[in-house]
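Here's the structure, in structure tokens; my notes come after.
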Amino acid sequence: REFDDAFFDAADLSDQDRVLDIGCGTGQTSRRAARTAARVVGIDISGPMLARARQLTRKENLTFVQGDAQVHPFPDGGFDKAVSRGGVLFFADPVAAFANIARGLRPGGRLTFLGPRASRPDGAYARATAALKPWLREPSPAARGMTSLTDPDGIRRLLGETGFTGVAVEPVDRPMPYGTDALEAADFVLSQGPVRHNLRDATAAEIDRVRAGLRAGFEPFRTPEGILVPGHVWLVTATRA
């Protein structure tokens, strides 16, 4: 949520807009969009997350659909804006997915999404998680997920090939919360898929040592608001040609 203000400023929603929220999850972004837009449709493949979204939602201009945005039959030109706070990072076929999203936007319609920037080897996150470095020996399935769109030239090329123009890839930096204390931050990192992938053969004692190292690494980032580590994302905007 630390990136929400920049995200919604870039999306530039109006009270006339029909908005598609891609990978909407439990609907947090959809609900904020519905405060402004005329109509919002959130789409996600997860039935349980959508069930939670519907429980939390009491807005007549907001609906949720279970489906895969790569192939879902969106109405041609049915939306003025498409937004995604990270949900577009997980497509098996990004070319098919973004081409399908472009088809669902009217000509001149706007796409806005957030995705992570690659962390620097000497950056704050790398320092906080240095205890993991000996274990990160191979690419994880995240290369097809959270880290699939970290190259700005690749983002521009992908969107240009799938029906978009005027692609802008802008850096945004904000402090990101990792937990109320260093131990919670360490456990949060250990819960992530890429980390679990690389620690899959570690013994319980080895994982305990990594946890202790992570806890120590996060201590310098303790604040009265919890563990805050500088976070870096790409804010991407594009227009359907």
Side-chain angles (χ1 to χ4, degrees), residues 1-7 23-29 31-32 44-46 48-49 52-53 56 84-90 113-152 155 169-236:
R1 63 178 174 265
E2 283 66 28
F3 299 98
D4 274 1
D5 288 344
F7 176 72
C24 65
T26 57
Q28 187 181 68
T29 302
R31 286 188 292 277
R32 177 158 172 177
D44 203 282
I45 61 172
S46 170
M49 295 186 88
R52 181 63 174 154
L56 295 170
S84 182
R85 202 176 58 170
V88 295
L89 305 176
F90 301 94
F113 70 85
L114 286 180
R117 279 153 52 199
S119 60
R120 300 189 307 274
D122 60 346
Y125 182 80
R127 297 196 304 275
T129 60
L132 277 175
K133 187 173 181 180
W135 291 92
L136 301 181
R137 298 166 181 158
E138 61 183 84
S140 84
R144 300 186 299 275
M146 285 299 293
T147 61
S148 64
L149 292 175
T150 56
D151 174 28
I155 293 170
V169 185
E170 303 293 340
V172 181
D173 303 307
R174 297 287 188 276
M176 292 179 63
Y178 276 77
T180 57
D181 57 32
L183 179 58
E184 189 172 287
D187 284 337
F188 171 63
V189 169
L190 287 171
S191 76
Q192 296 174 349
V195 175
R196 294 200 313 271
H197 177 78
N198 278 281
L199 290 176
R200 63 194 183 279
D201 297 323
T203 66
E206 288 171 329
I207 291 175
D208 285 342
R209 286 196 291 272
V210 173
R211 179 180 287 107
L214 289 171
R215 185 176 185 178
F218 277 113
E219 280 293 347
F221 299 95
R222 180 189 294 274
T223 75
E225 290 75 40
I227 302 298
L228 298 180
V229 180
H232 315 287
V233 301
W234 293 121
L235 175 58
V236 181

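Please read these numbers as outputs of a predicted model, since none were measured by experiment. Heads up: numbering here begins at 1 and tracks the sequence.
A distance of 6.0 Å separates OG1 of Thr29 from CG of Asp4, quoted to the nearest 0.5 Å. Here CZ of Arg127 is found 8.5 Å from CZ of Arg120. Values are rounded to the nearest 0.5 Å. Put simply, CD on Glu206 and CH2 on Trp135 are 3.5 Å apart, with the number rounded to the nearest 0.5 Å. In this structure, CZ in Phe188 is found 12.5 Å from OG1 in Thr180, a value given to the nearest 0.5 Å.
Annotation for Pro121 and Ala126: closest pair O-CB, 3.3 Å, computed over non-hydrogen atoms. The nearest pair of heavy atoms linking Gly87 to Ser84 is N-OG, 2.9 Å. Residues Ala6 and Leu235 share a closest heavy-atom pair of O-CD2, 3.7 Å. Contact between Pro116 and Thr150 at its shortest, heavy atoms only, is O-CG2, 3.2 Å. Nearest heavy-atom pair, Gly231 versus Met176, reported as atom, atom and distance to 0.1 Å: CA-SD, 3.5 Å. Counting all heavy atoms, side chain and backbone alike, Ala53 lies closest to Gly27 at CB-N, 4.0 Å.
Dense packing is recorded around CG of Leu190, with more than 12 heavy atoms of other residues, nucleotides or ligands lying under 6.0 Å away.
Contact of the Phe218 side chain with the Val229 side chain is registered, since non-hydrogen atoms from C-beta on lie closer than 4.5 Å. Side-chain contact between Arg211 and Leu183 is present, with heavy atoms from C-beta onward closer than 4.5 Å. Using a 4.5 Å heavy-atom threshold, the side chains of Arg85 and Phe3 count as separate. Side-chain contact between Ile227 and Glu184: absent, with no pair of heavy atoms (C-beta onward) separated by less than 4.5 Å. Two residues are said to be in side-chain contact when any heavy atoms from C-beta on lie closer than 4.5 Å; Leu136 and Pro194 fail this criterion. Side-chain contact between Asn198 and Leu132: absent, with no pair of heavy atoms (C-beta onward) separated by less than 4.5 Å. The side-chain heavy atoms of Phe113 and Leu149, taken from C-beta on, include a pair separated by under 4.5 Å.
Side-chain atoms of Arg31 come within 3.5 Å of backbone N or O of Thr26 as a donor-acceptor pair. Using a distance-only test at 3.5 Å, with no hydrogens or angles considered, a donor-acceptor pair links the side chain of Arg200 to the main chain of His197. Between the side chain of Arg174 and the main chain of Arg1, no donor-acceptor pair closer than 3.5 Å is present. A donor-acceptor contact shorter than 3.5 Å is absent between the side chain of Arg222 and the backbone of Asp181.
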